[in-house]
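All values derive from a computational prediction rather than experimental measurement. The analysis underlying the following values was restricted to heavy atoms, covering all of them including side chains, and did not include hydrogens, waters or symmetry mates. Numbered from 1 within each chain, the chains take letters A, B, ... in sequence-line order.
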2 protein chains.
Amino acid sequence: LVAVRLSERLEQQIKFIVEVDKLKNIYRKNLVIGSERPETDAEHSWHLAMMAMLLAEHVTSCRIDVLKIIKMVLIHDIVEIDAGDTYCYDQQAGLDKAAREQAAADRLFGLLPAGQSQELRALWDEFEQKQSPEARMADALDRLQPLLLHYHTGGKSWQENGINADQVRERNRQTRGIAAELGLLVEQIIEDSVAKGYLPK
Amino acid sequence: LVAVRLSERLEQQIKFIVEVDKLKNIYRKNLVIGSERPETDAEHSWHLAMMAMLLAEHVTSCRIDVLKIIKMVLIHDIVEIDAGDTYCYDQQAGLDKAAREQAAADRLFGLLPAGQSQELRALWDEFEQKQSPEARMADALDRLQPLLLHYHTGGKSWQENGINADQVRERNRQTRGIAAELGLLVEQIIEDSVAKGYLPK
Ligand SMILES: [Ca+2]
């Protein structure tokens, strides 16, 4: 038998790692391409990290820290473990979203050992404030990724939720400010979605 | 109408990003804690990236590049889009696994633009060779993560597949060489799984 005790630090890390497994049980509004089942928050976060790695070069106006963007997107949704997924076009649920998510951040990041607890909480706060270049890029990707999935599933969940092109345009309005070519991409997807009848004007 | 053409580079990146969405349709043998449905490859890859970020400090014998480990684990399973998930204890399917995965890597990384195509392929090759510290840590996490899920789902999928403690021990044998304390953790989980009746000796 292994008599040696694990450090408290490792035990805290493993507790957090097991706790965030719950992100695989939180379903989003958008569908996965092909199977057309709803995507989980964990899958969404993986896809964002992949996109951050490949698309960070499109931020041309300043130097950005790619590892920081990746860390942000890996953790950006974990508060939904307690607070649930608030649909981005649901204004009612949006009202107390901030308070619910702050409490969730306190509990979840509080599971981590010293140093990591503060580092990840600071990254999440930075993401939420959407001011730094890294946070603005993470936010732009967080809006572009579901747009790609909506487009490649024929806009099914846009139609089910009665979304129109102006709402999608408004939701992705900030993208061109941080990554001009991604802003163009967004506009092309919206126009093509309207042309194909996926999205009403 | 947006008349401006997107660069070929961005179009290649988006094509790859849409293609790898298929990782959400590949199901693994291990179960998600709580819901007890099989985990997808995308979810597994997200969980590994989270673990890399938190546990990289347990590699104490040398300096390692955390961003490199995270990139590796984000892409390590995309070859399964073409080659399928080969169950780690299935020796028959393991025989032509390498050839199937090499062909998949050629096709998938070939979708990316110059520079990124070579960078990601080199990372995947490095992961497969399991020689560098980053590859050895990525590999250790790729084995530890399902162990945590098996343990927290009562060993259900171990039992369904007739796995015993020695097989799990053998599968995680290399962990202590790259991260001694994670090696201890592995042994404690195996012993506790045997004690609780999740895993036969
Ligand atoms: Ca695998």
Side-chain angles (χ1 to χ4, degrees), chain A residues 1-2 4-7 9-11 13-14 16-25 32-35 37 39-51 53-55 57-58 66-67 70-71 74-75 78 112-113 115-116 120 145 148-149 151-152 181-182 184-185 187-188 190-191 195, chain B residues 1-2 4-7 9-11 13-14 16-18 20-25 32-35 37 39-51 53-55 57-58 66-67 70-71 74-75 78 112-113 115-116 120 144-145 148-149 151-152 181-182 184-185 187-188 190-191 195:
Chain A
L1 209 112
V2 180
V4 186
R5 268 282 193 75
L6 299 178
S7 65
R9 185 166 180 88
L10 178 56
E11 292 198 340
Q13 289 166 331
I14 297 299
F16 178 87
I17 286 163
V18 169
E19 179 67 20
V20 298
D21 195 70
K22 292 178 180 162
L23 216 58
K24 301 168 192 168
N25 291 322
V32 169
I33 304 170
S35 64
R37 64 152 173 88
E39 182 186 39
T40 70
D41 263 355
E43 293 170 325
H44 163 68
S45 301
W46 163 77
H47 215 169
L48 289 188
M50 182 71 94
M51 289 171 73
M53 175 170 79
L54 294 169
L55 301 180
E57 65 183 31
H58 294 281
V66 180
L67 178 56
I70 293 177
K71 287 180 175 181
L74 288 174
I75 61 154
I78 67 163
L112 284 166
Q116 291 186 330
L120 266 58
Q145 189 261 355
L148 287 171
L149 298 196
Y151 179 70
H152 286 279
E181 205 186 357
L182 297 188
L184 275 181
L185 171 68
E187 190 51 36
Q188 288 201 358
I190 293 173
E191 288 183 14
Chain B
L1 210 115
V2 180
V4 187
R5 270 281 194 73
L6 299 178
S7 67
R9 185 167 178 88
L10 177 55
E11 292 199 342
Q13 289 167 330
I14 298 298
F16 179 87
I17 287 164
V18 169
V20 298
D21 195 71
K22 292 179 180 162
L23 216 58
K24 300 168 190 168
N25 291 322
V32 169
I33 304 170
S35 63
R37 61 148 174 92
E39 184 187 39
T40 70
D41 263 356
E43 292 171 326
H44 162 69
S45 301
W46 163 79
H47 215 169
L48 289 188
M50 181 73 92
M51 289 171 73
M53 175 169 78
L54 294 169
L55 301 180
E57 65 182 31
H58 293 281
V66 180
L67 178 57
I70 292 177
K71 287 179 174 181
L74 288 175
I75 60 153
I78 67 164
L112 284 167
Q116 291 187 330
L120 265 60
L144 173 59
Q145 189 262 356
L148 287 171
L149 298 196
Y151 178 70
H152 286 279
E181 205 185 356
L182 297 188
L184 275 180
L185 171 67
E187 190 50 38
Q188 288 201 359
I190 293 172
E191 289 184 13

Under 4.5 Å from a heavy atom of chain A, the part of B:Phe16 involved: side chain
Considering only heavy atoms, which portion of B:Glu181 lies under 4.5 Å from any heavy atom of chain A: side chain, backbone, both, or neither? both
For the atom pair CD (B:Gln13) and CG (A:Leu55), what is the distance rounded to the nearest 0.5 Å? 5.0 Å
Rounded to the nearest 0.5 Å, what separation is found between the CG atom of A:Leu10 and the CG atom of B:Leu182? 6.0 Å
Could you check if a side-chain atom of A:Trp46 sits within less than 4.5 angstrom of a side-chain atom of B:Asp41, using non-hydrogen atoms only? no
Worked check of side-chain contact (heavy atoms from CB on, under 4.5 Å) between B:Ile33 and A:Asn25: CA-CA 9 Å; B:Ile33 304 170; A:Asn25 291 322; over 6 Å; no
Looking only at heavy atoms and a cut-off of under 4.5 Å, which of A:His44, A:His58, A:Gln145, A:Lys22 has the most pairs with chain B? A:His58
Bottom line for A:Leu148: the part with an atom under 4.5 Å from chain B's heavy atoms is side chain
At a heavy-atom distance under 4.5 Å, which candidate from B:Leu74, B:Ile14, B:Leu185, B:Leu67 has the highest pair count against chain A? B:Leu74
For the interface with chain B, which of A:His47, A:Arg37, A:Lys71, A:His152 has the highest count of heavy-atom pairs at distances below 4.5 Å? A:His47
Contact class of B:Ile70 relative to chain A, heavy atoms under 4.5 angstrom: side chain
Cut-off 4.5 Å, heavy atoms of chain B, and the answer for A:Gln116 is side chain
For B:Glu11, which atoms come within 4.5 Å of any heavy atom of chain A: side chain, backbone, both, or neither? neither
Engaged part of B:Ile78 at the chain A interface, taking heavy atoms whose separation is under 4.5 Å: side chain
Please round to the nearest 0.5 Å and tell me the distance separating atom CG of A:Asp21 and atom CD of B:Glu39. 6.5 Å
Tell me which of these, A:Leu54, A:Val18, A:Leu149, A:Leu48, has more heavy-atom pairs under 4.5 Å with chain B than the rest. A:Leu54
B:Met53 side chain reached by A:Ile75 side chain, heavy atoms, under 4.5 Å: yes
Most chain B-contacting option - heavy-atom pairs closer than 4.5 Å, from A:Leu6, A:Thr40, A:Leu120: A:Leu6
For chain B, the option from A:Val20, A:Leu23, A:Val66 that forms the most heavy-atom pairs under 4.5 Å: A:Val20
